[in-house]
Amino acid sequence: EVQLVESGGGLVQPGGSLRLSCAASGFTFSSYAMSWVRQAPGKGLERVSTITSGGGSTSYADSVKGRFTISRDNAKNTLYLQMNSLKPEDTAVYYCAKFWSANGLGGYDYWGQGTQVTVSS
């Protein structure tokens with residue numbers, strides 16, 4: 001059974017940092033591209049960042065470029081999102097999601113349960 005379990009969310013002040021983790025199991029993690037996707041209160045889903053299966057290529061939404069870094073440790077079956085210089089607009093539930101492919105083409109087939117990130121003073 002495929003499982004994606006996010007952790008690391010919480011309450012942080014503007015300008016602060018958080019590191020999210022996603023523990024993956026039930027599939028060959030190193031064979032698939034992964035993304036972080038978020039949903040702010042009352043808004044739709046936004047793709048935050050994507051990383052290819054081997055970690056060689058990454059992409060970011062314009063809203064987080066220069067502040068967030070996606071990475072993965074395939075030996076540990078874990079995806080990460082380092083979030084720096086956080087803004088109130090970053091408040092959202094953050095999900096990790098598995099692509100059908102290694103290169104990030106196509107869509108997602110599995111999602112985690114999400115972890116809440118709240119940026120507030």
Side-chain angles (χ1 to χ4, degrees):
E1 178 181 347
V2 172
Q3 289 194 18
L4 300 170
V5 181
E6 300 95 336
S7 62
L11 176 64
V12 64
Q13 293 185 333
S17 297
L18 285 174
R19 189 192 194 206
L20 306 184
S21 298
C22 172
S25 61
F27 66 101
T28 304
F29 180 71
S30 60
S31 294
Y32 296 94
M34 299 289 294
S35 277
W36 288 98
V37 180
R38 68 185 181 186
Q39 186 166 34
K43 298 184 178 180
L45 294 169
E46 177 187 22
R47 184 180 295 176
V48 175
S49 185
T50 298
I51 188 167
T52 52
S53 60
S57 183
T58 59
S59 63
Y60 299 89
D62 288 343
S63 57
V64 306
K65 285 180 180 177
R67 300 188 297 120
F68 291 11
T69 302
I70 191 170
S71 62
R72 64 194 296 162
D73 187 337
N74 285 343
K76 296 180 179 179
N77 288 353
T78 303
L79 177 73
Y80 303 99
L81 185 68
Q82 179 66 47
M83 305 186 295
N84 298 326
S85 302
L86 283 161
K87 304 174 180 179
E89 306 93 274
D90 296 317
T91 296
V93 178
Y94 285 72
Y95 302 91
C96 63
K98 173 186 174 292
F99 280 94
W100 297 330
S101 65
N103 60 11
L105 296 178
Y108 306 117
D109 56 3
Y110 293 96
W111 299 72
Q113 86 291 342
T115 186
Q116 176 70 49
V117 172
T118 302
V119 184
S120 177
S121 59

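Computed from a predicted structure; not experimentally measured. Only this structure's heavy atoms are used, side chains among them; waters, hydrogens and symmetry mates stay out.
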Test item: [X] and [Y] side chains (from C-beta on) under 4.5 Å apart, heavy atoms:
X	Y	answer
Leu11	Ser120	yes
Arg38	Val64	yes
Lys76	Ser21	no
Leu20	Val117	yes

When hydrophobic residues are tied together by side-chain contacts of less than 4.5 Å, even through go-betweens, does [X] share a cluster with [Y]?
X	Y	result
Ile51	Tyr95	no
Leu45	Phe99	yes
Val5	Phe27	no
Val48	Tyr108	no
Val37	Val119	no

Determine yes or no for a side-chain-to-main-chain donor-acceptor pair under 3.5 angstrom, with [X] supplying the side chain and [Y] the backbone.
X	Y	result
Arg19	Tyr80	no
Arg67	Ser85	yes
Ser49	Ser59	yes
Asn77	Gly26	no
Thr115	Glu6	no
Trp111	Leu4	no

To the nearest 0.5 Å, tell me how far [X] [atom1] sits from [Y] [atom2].
X	Y	atom1	atom2	result
Cys22	Phe29	SG	CZ	6.5 Å
Thr69	Met83	OG1	CE	11.0 Å
Ser71	Leu81	OG	CG	8.0 Å
Phe68	Trp36	CZ	CH2	11.0 Å
Ser30	Asp73	OG	CG	11.0 Å
Tyr60	Arg47	OH	CZ	14.0 Å

field: Salt bridge present between Lys87 and Asp90 (N-O < 4.0 angstrom)
entry: no
Closest contact, heavy atoms only, [X] versus [Y]:
X	Y	value
Ala61	Glu46	CB-OE2, 4.0 Å
Val93	Gln116	CG2-OE1, 3.3 Å
Ala33	Ala102	CB-O, 3.4 Å

query: Does the side chain of Asn103 pick up a donor-acceptor pair with the side chain of Thr52 at under 3.5 Å?
result: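 Note: Asn103 and Thr52 side chains miss the donor-acceptor criterion.
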query: Between Ser35 and Thr50, is any side-chain donor less than 3.5 angstrom from a side-chain acceptor?
result: yes
query: Tyr32 ring centre to Lys98 NZ or CZ under 6.0 Å, with the angle to the axis within 45°?
result: yes
